[in-house]
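Since the structure comes first, as structure tokens, the remarks are kept for the end.
Just so you know, these numbers use all the heavy atoms, side chains as well, and skip hydrogens, waters and symmetry mates.
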Amino acid sequence: MSENNLRQRVLDLLRREDYQPLDRNAIAHELGVKSKERVKVRQTLHELERDGEIARIRKDRYILPNEADLVTGTISIHQAGFGFLTNEKSGGADLFIAAENTGTAMNRDRVVARIMRDAPRRGKDRQLRAEGRVIRILERAHDNMVGTLQQSRNFWYVIPDDPRLVHNVYVAAQTKARPGDKVVVRLEEWQSRHVNPEGEIVEVLGRADAPGVDVLSIIRNYHLPTEFPSAVIAQAEQIPPEVDRRMFEGREDLRDKFIVTIDPDDAKDFDDAINVDKIDNQTWELGVHIADVSAYVTPDSALDREARKRGNSVYLPDRVIPMLPERLSNGVCSLKPDVDRLTFSVFIHFDKSGRPKNARFARTVIRSAKRLTYREAYAILKSPARDQLGKRLHEAWELASLLRRKRFQQGSLDLDFPEVKVHVDLTGKPVKLERIENDESHQLVEEFMLAANEAVARELKNRHIPTIYRVHENPDPDKLGEYRELILSHNIRVGDLTKRPEVQRLLALIKGKPEERALKIGLLKSLKRARYLPQPLGHYGLAKTNYLHFTSPIRRYADLVAHRSLGQQKDARKIDMGQLTSMSEHISATERNAAEAEIEAVRMKKLEFFERQLQERNPQVFRASIVDVRNYGLLVELPDADLSGLVHVSSLTDDFYVFDTVQRRLVARRSRKRYAIGDEVRVFVARVDRFKRQIDFAIADEKRRETGRGKRR
């Protein structure tokens with residue numbers, strides 16, 4: 001009996017109108033399966049339950065999930081203890097899981113939850129969501145966790161680094177580790193949330209304050225790979241450091257073209273290059289040239305399997321964890337200047353209005369004429385063109401700015417945030433925070449990459465060639481309705497946010513306001529998360545019908561898949577859609593994991609930076625905006641650090657302050673000085689709580705004695 005046949009027979013049995021819940025032995029008997037083959041029934045039931053097709057209830061009996069209000073999915077646990085579960089099958093609204101109903105579920109576990117029809121609607125987060133209770137853990141996301149070892153009088157325990165795991169983990173008495181060490185713990189089976197989990201220490205990372213241990217803890221906590229397998233290294237070493245001229249055969253030679261790369265100051269993996277030719281002052285030809293990683297990484301090779309497993313590169317403040325070995329990522333695939341490199345090129349003709357007339361795709365060889373940093377490109381764009389490089393770059397910006405205007409006219413949303421880069425020294429200590437603006441140099445590259453990605457997606461879709469698309473589905477109207485209530489509470493008048501122009505109007509309205517970052521984050525939370533899928537469902541945020549990732553194959557596996565689909569069209573038609581679906585889910589998960597690790601590492605280094613400020617004789621003073629006022633203090637946003645903190649009312653020592661509940665401001669009783677939302681202040685760090693990830697600030701300009709409002713931004 002085939003596995004597919006048995007799966008279908010089990011599902012047909014459970015769908016029968018006269019079916020009553022049966023256990024696995026009764027199911028095997030009902031299907032007429034012989035005793036020696038019943039192990040196949042057990043395996044099939046386990047797989048169907050794991051896939052969410054069926055559910056197991058009391059007395060280990062099986063039913064279809066919808067018959068008992070059961071939902072299967074991956075749970076996301078919030079730091080406060082509650083969680084959200086998204087139905088894997090329907091993709092419907094999130095199921096709210098109260099902290100007391102999460103059971104022993106941990107973040108990203110696959111679980112089964114029962115919808116609680118009679119649950120009271122408590123709190124803002126539950127107004128439009130059903131509520132559920134976890135009844136079974138199907139699959140643990142990970143069996144390891146990272147934390148700090150501690151010792152009490154009677155036992156040893158580990159405090160998890162992840163605040164979403166609220167229970168300490170008991171471990172055996174230690175001889176290889178000391179209190180205060182960072183350790184990796186393998187968790188044992190955890191049955192009840194009313195007792196603490198137990199585990200075994202499997203790795204001692206070192207003292208919590210030792211150089212490099214902080215980032216290593218994040219690497220272990222997010223299960224990021226640190227080394228390549230020997231077979232992968234061996235295969236990479238067989239690739240020549242320079243391009244073999246025999247590989248030029250059949251490629252279009254573009255080495256006489258004036259092609260440049262524009263990347264961050266510290267970048268080493270240059271995977272995209274551009275050139276723009278203006279034709280008759282009426283049209284443009286854009287050339288986007290992407291490192292041809294597929295020429296070196298063949299399907300199902302050791303290199304390919306490891307790249308697929310990693311899914312993407314991870315960029316941490318003190319290191320990069322690459323998807324491909326440095327032999328490729330920083331070597332033969334990197335589009336360095338003045339050397340021959342293999343590329344996959346997209347040529348797009350645009351008319352004078354910025355509309356693409358046609359697109360052509362070719363495997364090419366280039367020789368980059370110049371490696372520019374964003375700083376250098378920005379300086380050139382802000383000064384008159386003095387040479388060929390300046391002339392070319394100004395023409396490129398002329399096209400890019402036209403494409404950018406056209407994109408926003410078509411409904412694209414400006415959801416970008418300024419990046420704050422943390423500079424670290426050789427020991428990993430943070431020494432400087434630098435705000436990176438999304439200026440013209442960044443926008444120029446961004447528009448050309450978007451154009452290339454869209455052109456490739458359109459080509460593959462029109463030719464019905466299977467590939468992996470980057471999709472951002474339309475938002476849930478209920479969630480947009482919740483977000484609209486938040487906006488109205490800030491006294492911002494807004495209409496129906498299910499209409500794209502109204503969302504654009506809102507983003508323009510809050511631009512430059514102190515609360516812009518918080519409100520933008522709220523909007524992002526109300527939208528669906530972008531992900532990878534084999535179906536071209538379009539991209540809501542970019543307002544594009546066709547979109548995928550093609551322009552970064554050195555650091556994203558999805559781009560490598562797109563290259564193969566475009567370059568090997570006959571073979572690509574034979575790609576199994578089931579494999580593409582599984583691959584899409586996997587690289588969506590690795591992308592989320594990498595993003596969380598990067599955010600966590602940057603946040604940790606920022607906290608360390610401000611902690612070091614406490615030890616400085618003359619601590620740095622930062623500009624800040626008041627984004628909210630409470631009876632206990634001022635919530636401030638630091639734009640140059642991209643973080644928020646609290647100025648506690650007790651630190652305002654120049655007077656006694658009273659909270660004005662009507663106008664939401666603090667007013668000094670004697671001097672009548674006022675602090676209100678929107679005021680600009682200057683602050684320095686007063687206290688850092690690393691465990692809670694909180695920073696308290698104090699006002700630095702206490703010499704100000706005027707009674708009027710602070711200077712508006």
Side-chain angles (χ1 to χ4, degrees), residues 84 86 90-94 96 121 123-130 353-355 400-418 437-438 442-443 446-447 450-451 453-454 457 469-531 533 536-547 625-628 635 637 639 642 644 664 677-678 712-713:
F84 292 99
T86 301
S90 69
D94 293 339
F96 182 88
R121 302 287 181 163
K124 181 179 178 181
D125 285 324
R126 311 188 193 184
Q127 288 174 359
L128 296 175
R129 293 186 180 93
S353 67
R355 184 174 61 88
S401 60
L402 176 61
L403 297 180
R404 187 173 178 82
R405 287 195 303 272
K406 189 176 183 65
R407 176 162 66 88
F408 284 108
Q409 288 169 2
Q410 293 173 341
S412 185
L413 305 179
D414 183 8
L415 298 172
D416 292 331
F417 288 93
E437 298 290 349
N438 186 31
H442 292 77
Q443 294 169 12
E446 178 185 21
E447 294 305 323
L450 290 175
N453 288 336
E454 185 178 21
Y469 293 89
R470 182 64 168 178
V471 305
H472 188 208
E473 295 158 274
N474 290 339
D476 183 344
D478 288 343
K479 288 190 176 182
L480 286 178
E482 288 182 40
Y483 176 66
R484 183 174 180 273
E485 295 300 318
L486 171 67
I487 292 296
L488 294 175
S489 72
H490 283 262
N491 295 321
I492 298 174
R493 300 186 64 181
V494 65
D496 183 0
L497 293 180
T498 61
K499 304 292 191 293
R500 185 183 296 272
E502 194 63 20
V503 180
Q504 286 186 303
R505 192 180 75 83
L506 169 64
L507 290 170
L509 226 101
I510 64 176
K511 191 173 182 63
K513 290 191 174 183
E515 60 268 35
E516 177 186 7
R517 181 176 180 273
L519 295 180
K520 259 191 175 182
I521 291 175
L523 175 59
L524 286 172
K525 287 181 177 179
S526 71
L527 302 180
K528 294 185 178 179
R529 185 191 290 268
R531 57 184 176 138
L533 277 180
L537 302 182
H539 199 291
Y540 173 79
L542 295 172
K544 292 188 181 297
T545 305
N546 307 299
Y547 194 70
S625 295
I626 299 174
V627 295
D628 201 359
L635 298 178
E637 185 83 34
D642 190 27
S644 56
R664 299 190 65 80
I677 296 174
R712 282 281 182 182
R713 181 181 290 191

In Å, rounded to the nearest 0.5 Å, how long is the span from [atom1] of [X] to [atom2] of [Y]?
X	Y	atom1	atom2	value
Ile487	Glu485	CD1	CD	10.5 Å
Glu502	Leu507	CD	CG	10.5 Å
Ser401	Glu447	OG	CD	9.0 Å
Ser625	Leu635	OG	CG	12.5 Å
Phe417	Glu516	CZ	CD	8.0 Å

[X] side chain to [Y] backbone, donor-acceptor under 3.5 Å:
X	Y	result
His539	Val471	no
Glu446	His442	no
Arg484	Val494	yes
Glu473	Ala530	no

Of all the heavy-atom pairs spanning [X] and [Y], show the shortest one and how long it is.
X	Y	result
Ser526	Pro475	O-CB, 4.2 Å
Arg529	His472	C-CD2, 4.2 Å
Asn546	Ala457	C-CB, 3.7 Å
Arg493	Leu509	O-CD2, 4.4 Å
Leu415	Lys520	C-NZ, 4.1 Å
Gly411	Ala543	C-CB, 3.6 Å

[X]: partners by side chain to side chain donor-acceptor pair (under 3.5 Å), with sequence neighbours left out:
X	answer
Gln409	none
Lys544	Glu454
Arg517	Glu637, Asp642
Thr498	Asp496

Report yes if the side chains of [X] and [Y] come closer than 4.5 Å at any heavy-atom pair, otherwise no.
X	Y	value
Val627	Ile677	no
Arg664	Asp628	yes
Leu413	Leu542	no
Asp414	Asp416	yes
Leu519	Leu506	no
Gln443	Asn438	yes
Ile510	Glu515	no

cation_pi(Arg500, Tyr540) dist<6.0 Å, angle<=45:
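Yes, cation above the ring, under 6.0 Å and within 45°.
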Crowding at CZ, Arg505 (>12 non-hydrogen neighbours, <6.0 Å):
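Atom CZ in Arg505 is packed in, count exceeds 12.
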Given side-chain contact (heavy atoms from CB on, under 4.5 Å), test Leu497 with Tyr483 step by step and report yes or no.
CA-CA 9 Å; Leu497 293 180; Tyr483 176 66; 3.6 Å; yes
Who are the side-chain contact (heavy atoms from CB on, under 4.5 Å) partners of Gln410, not counting sequence neighbours?
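Once residues adjacent in sequence are excluded, the partners of Gln410 under the side-chain contact (heavy atoms from CB on, under 4.5 Å) criterion are Lys406.
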As a quick check of understanding, evaluate side-chain contact (heavy atoms from CB on, under 4.5 Å) for Leu527 and Leu480, giving each step before the final call.
CA-CA 8 Å; Leu527 302 180; Leu480 286 178; 4.2 Å; yes
With sequence neighbours left out, write down each residue that passes salt bridge (Lys or Arg N to Asp or Glu O under 4.0 Å) with Arg405, or none if nothing qualifies.
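Once residues adjacent in sequence are excluded, Arg405 has no partner under the salt bridge (Lys or Arg N to Asp or Glu O under 4.0 Å) criterion.
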No-hydrogen, no-angle side-chain donor-acceptor test under 3.5 Å, Asn453 and Tyr547
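On atom types as modelled, these side chains qualify, holding a pair under 3.5 Å.
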